[in-house]
Structures are given as C-alpha cells and as structure tokens.
There are 2 protein chains.
Amino acid sequence: MGNQKLYKGSLQTIILKLLESNDKMYGYEITQKVKELTKGELKITEGALYPALHKLEADGLLDVEVAKVGNRLRKYYKLTESGSKETANKLAEMQEFLKTMQHLVNPKFSLE
Amino acid sequence: MGNQKLYKGSLQTIILKLLESNDKMYGYEITQKVKELTKGELKITEGALYPALHKLEADGLLDVEVAKVGNRLRKYYKLTESGSKETANKLAEMQEFLKTMQHLVNPKFSLE
DNA sequence: TGTGATGCATTAGAAAATTATGTATACATT
DNA sequence: AATGTATACATAATTTTCTAATGCATCACA
C-alpha cells in the first residue's frame with residue numbers, strides 16, 4: 001500500500017525466491033503471485049519487472065524458455081545453477097536485513 | 001554489509017525512529033548510532049543523511065536547534081508534533097512491510 | 001463490440017541512494 | 001611541524017531502481 005517504496009532494492013530477491021519455490025514462472029504470473037502472496041500489499045509493475053528479468057538473464061542467473069499457449073506468448077524463466085547459488089546468498093542477505101531492521105524499528109525495544 | 005541497497009526507502013523511518021527514542025540528535029550522531037546499533041551492517045552516508053534531514057525539516061516533521069560545542073557547529077534535530085504522528089505512521093508501515101517481506105521470502109515460517 | 005484480463009515490452013521521469021568533493025575544527029601520533 | 005583520523009556540516013554528479021504512461025497483441029465474455 002503506502003509502503004510501496006520500501007521494497008526498493010528487493011525485487012531481484014523476490015523474483016529469485018519465487019523461482020526457487022516454483023521451478024519456472026513467466027512474468028505476468030510473477031506479478032500475480034506477489035499480489036496474491038502479499039494480499040495486494042505489494043504490486044510489481046511491469047516497468048520494474050521486465051527489466052529485472054532481463055538483467056537476471058543477462059547475468060546468467062536465469063534461463064528462458066519461450067512457450068506458446070494458444071496464440072499467446074509466454075516466457076518461462078527458471079534458475080540456472082549459478083542462479084540457485086545467488087538465490088541462497090540473496091535470501092541470507094535479506095534475512096539479515098530484515099533482522100537488522102526489525103531490531104532498529106521494533107517498538108518493544110527502545111533505542112538507547 | 002552487502003545488503004546496503006536493501007535499506008533504500010527506509011532512511012526517513014530510521015531517522016524518525018531514532019529521534020523518537022532519543023529526543024534530540026545531530027547528524028553525525030545519527031550516523032554513528034545507526035552503525036553502532038546495527039553492528040556496522042548499516043552505514044548511513046552523509047550524502048543521503050543531510051538531504052533527508054533537510055527534507056524532513058522542510059516538511060515540518062523536524063525542528064532544528066543550532067548549538068556550538070567548543071568551536072564546532074552542531075545542528076540538533078527533534079520531532080515536531082506532526083513529526084511524532086508521522087513517525088507512528090511510518091513505523092506501522094515499516095512493521096507491515098517487514099512482515100510482508102518475511103512472509104514472501106520465507107512463507108514456511110510466517111510470523112502470524 | 002468494447003471492456004477487462006492476459007502477456008510481452010519500452011520510455012520518460014522521479015525518488016533516493018552512492019561517490020566524490022569541499023570546508024573547517026580537534027586531537028593524537030610520528 | 002606534519003600527518004592522519006575523527007568530528008561536523010554540506011553539495012554536486014552520477015547511478016540505481018523504481019512508477020507511470022504508453023504500446024502492441026490475444027482472448028473471453030456480456
């Protein structure tokens with residue numbers, strides 16, 4: 001919702017995590033999955049998604065496989081081997097970050 | 001560390017939270033406090049900090065009080081009334097975001 | 001037949017950082 | 001005396017990463 005800007009920088013990690021859980025996905029599917037998983041809180045725009053996918057592919061973290069469904073085009077993405085490794089790294093990084101932020105802003109613990 | 005880019009978008013919230021906990025602080029003090037609280041994981045650069053402080057001030061969320069310590073200048077910032085309200089909002093937003101991300105990157109261990 | 005959903009993509013622009021640089025004081029070490 | 005590190009402010013150029021807008025095309029369905 002209002003916190004849409006907070007997710008800056010975590011899109012790649014989100015994509016990688018989804019592909020780790022789902023083997024292969026296509027772009028539109030990713031946007032819908034994120035919307036569903038976050039109950040509409042996070043909306044991935046196409047202007048962010050497609051460049052991100054292209055970059056991950058260019059970096060060798062994703063493989064593409066084009067499929068035709070009816071007369072419609074789909075590009076299925078899946079993790080390469082090095083993509084799997086990078087996913088583990090990025091997820092660890094994210095966990096660390098979440099822990100740090102949790103600690104920073106948690107109202108229960110005042111910051112001295 | 002490597003997750004330095006993940007914090008994009010949360011600097012304002014961090015500043016506001018620190019000022020909520022500490023009544024008044026000056027810029028350099030904020031950078032040191034964040035470094036200390038996060039054990040060096042998060043480093044606020046001046047190029048990000050000062051523009052952020054100026055914006056918060058311009059938006060009426062912070063008041064400034066200039067102090068001279070020895071021959072050195074310090075600008076102490078503290079929350080205005082509307083700053084306190086906004087802090088509450090931003091902290092709630094952040095909690096929500098952290099929960100969402102936690103759920104996204106580790107659906108197995110949801111927080112709820 | 002036109003509207004919303006599906007599916008790809010790019011472009012212009014904004015937001016929010018990093019990096020580099022600048023000024024100046026203070027203190028400790030060589 | 002000179003050098004480096006810490007303290008303390010600040011800005012400018014650049015980069016990263018998004019949003020918003022737009023475009024093309026297929027498909028379902030009312």
Side-chain angles (χ1 to χ4, degrees), chain A residues 1-16 24-36 38 40-59 62 64-77 90 93-94 97 101, chain B residues 1-16 24-36 40-59 61-62 64-77 90 93-94 97 101:
Chain A
M1 300 291 281
N3 56 21
Q4 194 71 11
K5 65 189 163 309
L6 290 177
Y7 98 110
K8 262 179 195 274
S10 47
L11 178 56
Q12 278 201 9
T13 306
I14 292 171
I15 293 172
L16 293 173
K24 68 174 187 177
M25 300 181 81
Y26 55 99
Y28 185 75
E29 189 184 9
I30 292 176
T31 66
Q32 299 309 300
K33 198 72 183 171
V34 169
K35 195 156 51 166
E36 175 203 332
T38 66
E41 282 219 43
L42 246 161
K43 280 165 190 161
I44 307 301
T45 61
E46 296 120 309
L49 178 70
Y50 291 112
L53 286 172
H54 299 161
K55 187 181 188 316
L56 288 168
E57 188 196 348
D59 290 348
L62 301 185
V64 194
E65 178 199 324
V66 179
K68 239 188 159 182
V69 178
N71 243 338
R72 217 106 121 253
L73 195 72
R74 272 185 198 169
K75 288 194 175 174
Y76 281 99
Y77 291 91
K90 288 225 188 273
E93 215 170 81
M94 178 61 80
F97 169 71
M101 284 305 298
Chain B
M1 298 293 282
N3 56 19
Q4 192 70 13
K5 66 188 161 310
L6 291 177
Y7 100 107
K8 266 174 193 275
S10 47
L11 178 55
Q12 278 200 10
T13 306
I14 292 171
I15 293 173
L16 293 174
K24 68 175 188 176
M25 298 181 83
Y26 54 99
Y28 184 76
E29 188 184 8
I30 291 176
T31 66
Q32 299 309 300
K33 199 70 184 172
V34 169
K35 192 155 55 165
E36 174 203 330
E41 282 219 42
L42 246 162
K43 280 165 191 164
I44 308 300
T45 61
E46 296 121 308
L49 178 70
Y50 291 112
L53 286 172
H54 299 161
K55 186 180 190 318
L56 289 170
E57 188 196 349
D59 290 347
L61 306 184
L62 300 186
V64 194
E65 179 200 322
V66 180
K68 237 187 160 184
V69 178
N71 244 336
R72 219 106 118 248
L73 194 72
R74 272 185 198 168
K75 288 194 176 175
Y76 280 99
Y77 291 91
K90 288 222 187 274
E93 214 170 82
M94 177 61 78
F97 169 72
M101 282 305 299

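Numbered from 1 within each chain, the chains take letters A, B, ... in sequence-line order. Values below: all heavy atoms of this structure, side chains included; hydrogens, waters and symmetry mates excluded.
Listed nucleotides: C:dT19, D:dT19, D:dC18. Nearest to the side chain of A:Q4: D:dT19. Distances from the side chain of A:P51 to the nucleotides C:dT25, D:dC18, C:dT10 place C:dT10 closest. Counting only heavy atoms from C-beta on, A:Y77 has its side chain closest to C:dA9 among C:dA9, D:dT11, D:dC18. Here the nucleotide nearest the side chain of A:H54, chosen from D:dT11, D:dC18, C:dT10, is C:dT10.
Taking CD1 of B:I44 as the reference point, atom CD of B:E46 lies at 11.0 Å (rounded to 0.5 Å). We find the NZ-OG1 distance between A:K35 and A:T31 to be 6.5 Å, quoted to the nearest 0.5 Å. Rounded to the nearest 0.5 Å, atoms CD (B:Q12) and CD (B:E93) are 10.5 Å apart. One distance of note links OH of A:Y26 with CD of A:E65; it measures 13.5 Å at 0.5 Å rounding. Distance check, rounded to the nearest 0.5 Å: CE of B:M101 to CE of B:M94 gives 11.5 Å. The line from CG of A:L49 to CD1 of A:I30 is 5.5 Å long, rounded to the nearest 0.5 Å.
For the pair B:N71 CG and D:dA6 P, the computed distance is 22 Å after rounding to whole Å. Computed from coordinates, the A:Y7 OH to C:dA17 P distance equals 16 Å when rounded to whole Å. Atom CG in B:L73 sits about 21 Å away from atom P in D:dA6, given to the nearest Å. For B:L11 and D:dT16, the CG to P distance is 20 Å, given to the nearest whole Å. At whole-Å resolution of the value, CG in B:L53 and P in D:dT11 are 11 Å apart. Atom CD of B:E65 and atom C1' of D:dA8 are 16 Å apart (whole Å). Taking atom NZ of residue B:K43 and atom P of nucleotide C:dT19, one finds them 11 Å apart after rounding to whole Å. In this structure, the NZ atom of B:K33 is 18 Å from the C1' atom of D:dA6, given to the nearest Å.
Remark: A:T38 pairs with A:V34, A:E41, A:L42, B:T100, B:L104 by the side-chain contact (heavy atoms from CB on, under 4.5 Å) rule, at least two apart or across chains.
Residue A:K55 places no side-chain N or O under 4.0 Å from the OP1 or OP2 atom of D:dT16. A close approach under 4.0 Å does occur between a side-chain nitrogen or oxygen of B:Y50 and OP1 or OP2 of D:dC9.
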Atom pairs under 3.5 Å, N or O on each side, protein against nucleotides 3-6 of chain C: can you list them with distances?
unit_1 : atom_1 : unit_2 : atom_2 : d
C:dT6  : OP2    : A:Y28  : OH     : 2.1
C:dT6  : O5'    : A:Y28  : OH     : 2.9
C:dT6  : O4'    : A:R72  : NH2    : 3.3
C:dT6  : O2     : A:R72  : NE     : 3.0
C:dT6  : O2     : A:R72  : NH2    : 3.1

Check the interface with nucleotides 21-23 of chain D: list each N/O to N/O pair with the protein under 3.5 Å, or write none.
none

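Residues B:I14 and B:Y7 form a side-chain contact, since some pair of their non-hydrogen atoms from C-beta on lies under 4.5 Å apart. Using a 4.5 Å heavy-atom threshold, the side chains of B:E36 and B:K33 count as touching.
In terms of position on DNA chain D, the residue among A:G9 and A:V69 whose nearest nucleotide sits closer to the 5' end is A:G9. Mapping B:E29 and A:A48 onto DNA chain D via the closest heavy atom, the residue that lands nearer the 5' end is B:E29. Residue order along DNA chain C, read from the 5' end via each residue's closest nucleotide, puts B:I44 first among B:G70 and B:I44.
Closest approach of A:G27 to A:L53, counting heavy atoms only: CA-CD1, 4.1 Å.
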